[in-house]
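Residue numbers begin at 1 in each chain, while the letters A, B, ... track the order of the sequences.
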Amino acid sequence: MTVTFQLAGFLRSFASGAREVRVEVPGGTVGDALRMLGERHPGISSRVLDEQGSVRRHVNVFVGDLSIRDTGGLATPLRDGCSISLLAAVSGG
Amino acid sequence: MPTTQQIQVRRGDVVVLVGTMKGAFLFRSGPDRARFEMGGPYFPGHSVYALAYDGRAGRQRVWAASSSMHWGSVLNHSDDFGASWTTPEVPTVQFPKGGKALASIWQICPGRADEPDVIYCGVEPAALFESRDAGKSFQLVEGLWQHPHREQWQPGGGGLCLHTVVPDPKLRGRILVAISTGGVYRTDDGGRTWTVRNKGVRAEFLPDKHPEFGQCVHKVARHPGRPERLYLQNHWGLYRSDDAGDSWQDIARGVPSDFGFCMAVHPHDPETAYIVPLESDGFRCTPEGKLRVYRTRDGGGSWHPLTEGLPQRDAFETVLRDALGTDEEQRAGIYFGTRSGKLFASRDDGDSWTALAAGLPPVVCVRAARV
């Protein structure tokens with residue numbers, strides 16, 4: 001399937017400034033999609049995931065309008081053509 | 001994002017590296033250190049708790065550990081004093097798969113002069129990383145990571161961090177580290193084995209005031225020409241060691257408080273050291289509303305306040321563990337920054353001070369060097 005990642009501003013520098021990146025995903029989960037994204041743009045995946053493969057605490061991943069925290073985390077299933085947003089949480093100081 | 005102001009640094013300049021909770025700044029002056037100009041902010045919005053200058057092997061390299069609450073921590077470097085930065089796509093300081101995740105880089109420490117490609121990083125969770133290829137890659141120092149005490153180390157206010165790395169410039173293989181809270185550990189075999197070195201250091205916050213380990217050491221400074229001479233600022237307590245940490249002597253005489261975070265030693269005189277006392281762990285501000293650097297010139301036998309040019313009224317300031325540094329000039333430059341964003345400099349061993357900046361984000365790291 002094909003999915004499209006929407007990138008937060010900070011992440012775009014790791015994709016030559018692109019706002020979105022389309023990837024072919026052989027598997028069917030958010031984790032599969034992030035792995036494919038990481039093969040093309042390791043700078044993005046290493047900012048979204050820590051070195052143990054967990055989504056960083058203050059990063060939000062949405063499939064469509066739904067946060068994956070509520071839908072199964074990295075095991076959240078994907079539909080062909082869906083949109084995945086990688087965004088900074090509102091936390092800060 | 002803010003516009004980053006660039007500076008032109010020439011060989012022979014003195015450069016002050018300033019890390020803050022919202023980015024890094026560089027200050028440069030000519031050799032006379034009379035007037036500084038500022039560059040930055042670099043990594044705006046990211047905290048920069050660790051900076052280092054590496055002038056070994058002909059380099060003019062600034063290292064900066066930037067950390068984002070959102071996107072993690074990464075070690076960057078610049079070979080043109082901030083005009084451009086090299087940021088690895090995949091962070092070079094990472095725990096091995098199946099283990100912990102890096103929270104933050106607290107310390108960057110170039111290794112010995114005769115090992116110009118060795119660099120150390122102290123991190124949170126408390127661990128030491130070593131590079132032997134000039135920072136292209138880093139490996140976890142397993143000898144410390146596997147230490148049987150590690151599971152009992154507890155986080156301090158800043159987290160469970162290894163914040164101080166002090167290689168011995170003369171004795172190859174000897175490195176001392178400090179951990180909050182674990183205390184001081186030393187290796188004499190290049191990191192394979194580590195022994196605790198807290199003898200004489202109190203743990204005021206524990207029922208047993210002299211445990212083998214668990215002390216909350218805030219900073220250790222080593223004199224480069226006499227590496228067995230160390231000074232230690234503890235979470236309550238000031239200490240000196242004349243045997244590379246085998247034992248520690250209380251030197252808190254004549255200070256308004258022995259609580260504080262930072263500690264620096266004069267680059268040429270091992271009897272001279274600097275601290276900025278804070279009132280207490282309950283009120284972590286300069287006592288009496290006076291911003292005073294205290295200096296000893298007799299190895300901690302006595303301490304005297306340095307006040308010329310520093311605010312002595314309504315100055316409730318905090319100077320954090322890495323926010324005090326020196327250059328290497330004979331008449332030493334001493335530099336420190338405050339949580340309120342003030343940066344001060346002395347070019348006369350601390351006798352007098354001038355303000356370099358007053359409106360920076362909270363300052364967490366200050367380093368200086370002639371480049």
J.: Among Gly99(B), Ser68(B), Pro88(B), which residue forms the greatest number of heavy-atom pairs with chain A at distances under 4.5 Å?
T.: Gly99(B)
J.: Are Lys342(B) and Glu317(B) within salt-bridge range, i.e. N to O under 4.0 Å?
T.: yes
J.: Most heavy-atom pairs under 4.5 angstrom with chain B, which of Ser45(A), Ala88(A), Ala8(A), Ser54(A)?
T.: Ala88(A)
J.: Below 4.5 Å from any heavy atom of chain A, which atoms of Thr87(B) appear? Answer side chain, backbone, both or neither.
T.: side chain
J.: Strictly by ring pair (Phe, Tyr, Trp, His ring centres under 6.0 Å), give each pair with a member in residues 11-60 of chain A just once, sequence neighbours left out.
T.: Phe10(A)-Phe14(A)
J.: Before accepting this row, confirm whether a basic side-chain N of the pair Asp322(B)/Lys219(B) lies closer than 4.0 Å to the acidic partner's carboxylate O.
T.: yes
J.: Check whether NZ of the Lys or CZ of the Arg Arg150(B) lies under 6.0 Å from the centre of the six-membered ring of Trp145(B) and within 45 degrees of that ring's axis.
T.: yes
J.: Below 4.5 Å from any heavy atom of chain B, which atoms of Leu49(A) appear? Answer side chain, backbone, both or neither.
T.: neither
